[in-house]
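Encoded as structure tokens, the structure appears first; notes follow it.
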There are 2 protein chains.
Amino acid sequence: MIEELTNELLFFFNGFSSWENSIVRASDLTISEAHALEVLGEHEKMNMKSLAQKLGVTTGTTTVTVDRLEKKNFAKRESTQEDRRVNLIVLTEKGKKAFAEHHNYHIQLTEQMVSVLSEDEIRQFQDTLKKINMETF
Amino acid sequence: MIEELTNELLFFFNGFSSWENSIVRASDLTISEAHALEVLGEHEKMNMKSLAQKLGVTTGTTTVTVDRLEKKNFAKRESTQEDRRVNLIVLTEKGKKAFAEHHNYHIQLTEQMVSVLSEDEIRQFQDTLKKINMETF
DNA sequence: ATCTTATTGTTTGATATTCAAGTTGTATTA
DNA sequence: TAATACAACTTGAATATCAAACAATAAGAT
């Protein structure tokens, strides 16, 4: 029982990853840039540390990633008076547009997934995910 | 509605990835080695091409990954008479053990996730995933 | 106030991951 | 047998990542 559910979950994650990778490769973003963009798009301004935490990497890594996002003009660093050590990262217009586009792909995938489900199943699925997310992650 | 479900899904995938990464980092496998092991553990024997397809990478990549798995004694190549171009990859005892251990972590995570659900919800969740997997990926 | 400690972000050096393109050896087809 | 296709490997390059060392700044202790 648990065994079978585990396998369905792994298959699910796998499918999502492959899909995500192929979408990203078709854009002018690298995988890590896309991941950073996903996070940055959800926040007005973010410092390096919290970006790194959200992404599950070190700040050394985010420094490099943001360097590249900045070079490609998707994001820029802003300094702040409160704490002059901190860099706040904000998306540029180009960055916001790229985020919106990427987010749109996610919505399309979701729509494709739920198209095989009934109204009730969709609601139930969402409830279940919410519960799991709150308690597990 | 779709918007919220999308966000729950992204959160879910994110949580899984972080969890997976931290588990892998605590082992003596690298991420790509672990991914290969996950696939190889499900098959008795596999050639490079199908391993690459399952992982969504090129055979150039799997050559390197299997090289390392072989060096660490998790897997070995076997040649076959039918087609002498082909290498069949099989797990060693050590590799099978590592796979079982890793799979166990997956089961533990699944158990943790479903512990917040009722019997009915678990069944429903599994049905839903199965449907989505079949139709979407 | 000044000295110490903690924190943020960057840099550096190393390893891992991946791909595209080219190569080798083997099979299949014309 | 010659031409073509295919499996795996190699090479060279770009990207991803970390740990450790570092610089600048902030916060706390005396």
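Labels below follow one simple rule: chain letters A, B, ... track the order of the sequence lines, proteins then strands, and each chain is numbered from 1. Side chains included, hydrogens not; waters and symmetry mates left out as well; all remaining heavy atoms used.
A donor and an acceptor atom, one from each side chain of N47(A) and S50(A), are located under 3.5 Å apart.
The interatomic distance linking I31(A) (CD1) with dA14(D) (C1') rounds to 13 Å, in whole Å. dT17(D) atom C1' lies 11 Å from atom CG of N21(B), rounded to whole Å. Atoms CG (L55(A)) and C1' (dT17(D)) sit 12 Å apart, rounded to a whole Å. Spacing between atom CZ of R84(B) and atom C1' of dA7(D) amounts to 14 Å, rounded to whole angstrom units. Rounded to an integer number of Å, the gap from CG of N87(A) to P of dA26(D) is 13 Å.
Note: F13(B) and F12(A) meet the aromatic proximity criterion, with ring centroids under 6.0 Å apart.
Between T59(B) and dA8(D) there is no side-chain N or O to OP1 or OP2 distance below 4.0 Å. Distances shorter than 4.0 Å separate none of the side-chain N or O atoms of R25(B) from OP1 or OP2 on dT17(D). One finds no side-chain N or O of R85(B) lying less than 4.0 angstrom from the OP1 or OP2 phosphate oxygen of dC9(D).
Sorted by residue number, the members of residues 60-69 of chain A with any non-hydrogen atom under 4.0 Å from DNA chain C read G60(A), T63(A).
The residue among M48(B) and D83(A) whose nearest nucleotide of DNA chain D lies closer to the 5′ end is M48(B).
Interface limits on DNA chain C: the 5'-most and 3'-most nucleotides within less than 4.0 Å of chain B heavy atoms are dA16(C) to dA27(C).
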